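This structure is a prediction, so every number in the text was calculated from the model and none was measured. Lettering follows sequence order; numbering is per chain, from 1.
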Amino acid sequence: DTGVSQDPRHKITKRGQNVTFRCDPISEHNRLYWYRQTLGQGPEFLTYFQNEAQLEKSRLLSDRFSAERPKGSFSTLEIQRTEQGDSAMYLCASSFTGTLTYEQYFGPGTRLTVT
Amino acid sequence: DQQVKQNSPSLSVQEGRISILNCDYTNSMFDYFLWYKKYPAEGPTFLISISSIKDKNEDGRFTVFLNKSAKHLSLHIVPSQPGDSAVYFCAASFTPSGNTPLVFGKGTRLSVIA
């Protein structure tokens with residue numbers, strides 16, 4: 001297993017367009033998280049799943065943001081009607097709840113630029 | 001209100017010397033702490049973690065110290081190497097029901113000078 005993967009790595013879009021990002025977690029990991037990172041800040045939590053259940057979504061930045069994990073494997077994060085303030089690095093992480101350690105493993109991120 | 005604070009935006013250290021990165025937290029409910037390293041254009045890479053039931057955890061050149069009464073943790077890197085140059089993030093979580101979302105500090109940029 002090569003770790004968490006994200007696609008695309010870079011996305012440039014015009015304001016008002018919709019974008020969708022994909023995350024494939026480490027295969028045996030049952031939890032999947034989305035974070036956003038802007039310049040000079042640490043990653044900021046957005047939402048997370050255990051298998052296909054979305055456990056927390058109140059931290060999504062607005063109702064333009066939504067996420068799914070339909071079969072408990074990969075996940076998608078969609079941003080509708082993008083705004084320039086959405087430009088950021090979107091990070092996905094995964095973890096396994098069957099151990100006594102709580103590390104999350106991150107993918108390489110998707111860099112979004114809204115013009 | 002930032003719950004995890006890394007008050008030093010940057011740190012420069014000579015190769016071979018010790019690097020000490022500091023982190024403070026305000027939420028006493030946090031019970032698990034992690035350090036991540038991040039290179040430009042990559043995602044954070046997990047380095048080392050510590051549970052609140054311990055005060056020290058060591059892994060090779062990396063040691064994390066936790067002082068619960070002061071709500072302070074530190075990462076020691078000995079000896080520092082040029083490849084350690086990166087941004088280091090401190091993160092905290094509350095784990096009674098397993099892995100919960102991490103709360104990150106803003107990071108400290110470490111430069112190791114050869």
Next item on the list: Return the option, out of B:V103, B:V87, B:L34, B:L102, with the maximum number of heavy-atom pairs under 4.5 Å with chain A.
Entry: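 Heavy-atom pairs under 4.5 Å are most numerous for B:L102.
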Note to self: What part of B:A41 gets within 4.5 angstrom of chain A, counting heavy atoms only: side chain, backbone, both, or neither?
What the structure shows: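 Only the backbone of B:A41 comes within 4.5 Å of chain A.
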What's the spacing between [X] [atom1] and [Y] [atom2] if we round to 0.5 Å?
X: B:T100; Y: A:Y33; atom1: OG1; atom2: OH; result: 7.0 Å
X: A:F45; Y: B:F104; atom1: CZ; atom2: CZ; result: 11.5 Å
X: B:E42; Y: A:L91; atom1: CD; atom2: CG; result: 11.5 Å

Between [X] and [Y], is there a shared hydrophobic cluster once you connect ILVMFWY residues whose side-chain heavy atoms come closer than 4.5 Å?
X: B:I113; Y: B:L110; answer: no
X: A:F21; Y: A:Y48; answer: no
X: B:I48; Y: B:L21; answer: yes
X: A:L46; Y: A:M89; answer: no
X: B:W35; Y: B:V13; answer: yes

Notebook entry, point to check: Of the backbone (N, CA, C, O) and the side chain (C-beta and beyond), which part of A:R9 lies under 4.5 Å from a heavy atom of chain B, both, or neither?
Noted result: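 Answer is side chain: those atoms of A:R9 sit under 4.5 Å from chain B.
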Next item on the list: Pick one of side chain, backbone, both or neither for A:E56, based on which atoms fall under 4.5 Å of a heavy atom in chain B.
Entry: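 Neither part, no heavy atoms under 4.5 Å.
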Notebook entry, point to check: Which residues pass the salt bridge (charged side-chain N to carboxylate O under 4.0 Å, His left out) test with A:R81, sequence neighbours left out?
Noted result: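 Partners of A:R81 under the salt bridge (charged side-chain N to carboxylate O under 4.0 Å, His left out) test: none.
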Margin query: With a sphere of 6.0 Å drawn around CZ of B:R17, does it hold more than 12 non-hydrogen atoms of other residues, nucleotides or ligands?
Written below: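 Atom CZ in B:R17 is not packed in, count stays at 12 or less.
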Next item on the list: Count the heavy atoms of every other residue, nucleotide or ligand shown that sit under 6.0 Å from CD of B:Q2, and state whether that count exceeds 12.
Entry: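 Above 12, so yes.
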Checklist line | Distance-only donor-acceptor check, side chains B:Y36 and A:E103, under 3.5 Å | finding: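 Result is no, nothing qualifies.
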Note to self: If you define the side chain from C-beta out and look only at heavy atoms, does anything of B:S51 sit under 4.5 Å from A:Y102?
What the structure shows: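 No, their side chains stay 4.5 Å or more apart.
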Item checked: Shortest non-hydrogen contact between A:Q37 and B:F89, atoms and distance ->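 A:Q37 and B:F89 have their closest heavy atoms at NE2-CZ, 3.2 Å.
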Next item on the list: Give the C-alpha distance, both sets of side-chain angles, the deciding distance and a yes or no for ring pair (Phe, Tyr, Trp, His ring centres under 6.0 Å) between B:F46 and A:F106.
Entry: CA-CA 8 Å; B:F46 170 72; A:F106 283 81; over 10 Å; no
Check: Counting heavy-atom pairs under 4.5 Å to chain B, which of A:P108, A:P43, A:G107 comes out on top?
Finding: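 When all of A:P108, A:P43, A:G107 are compared, A:P43 has the most.
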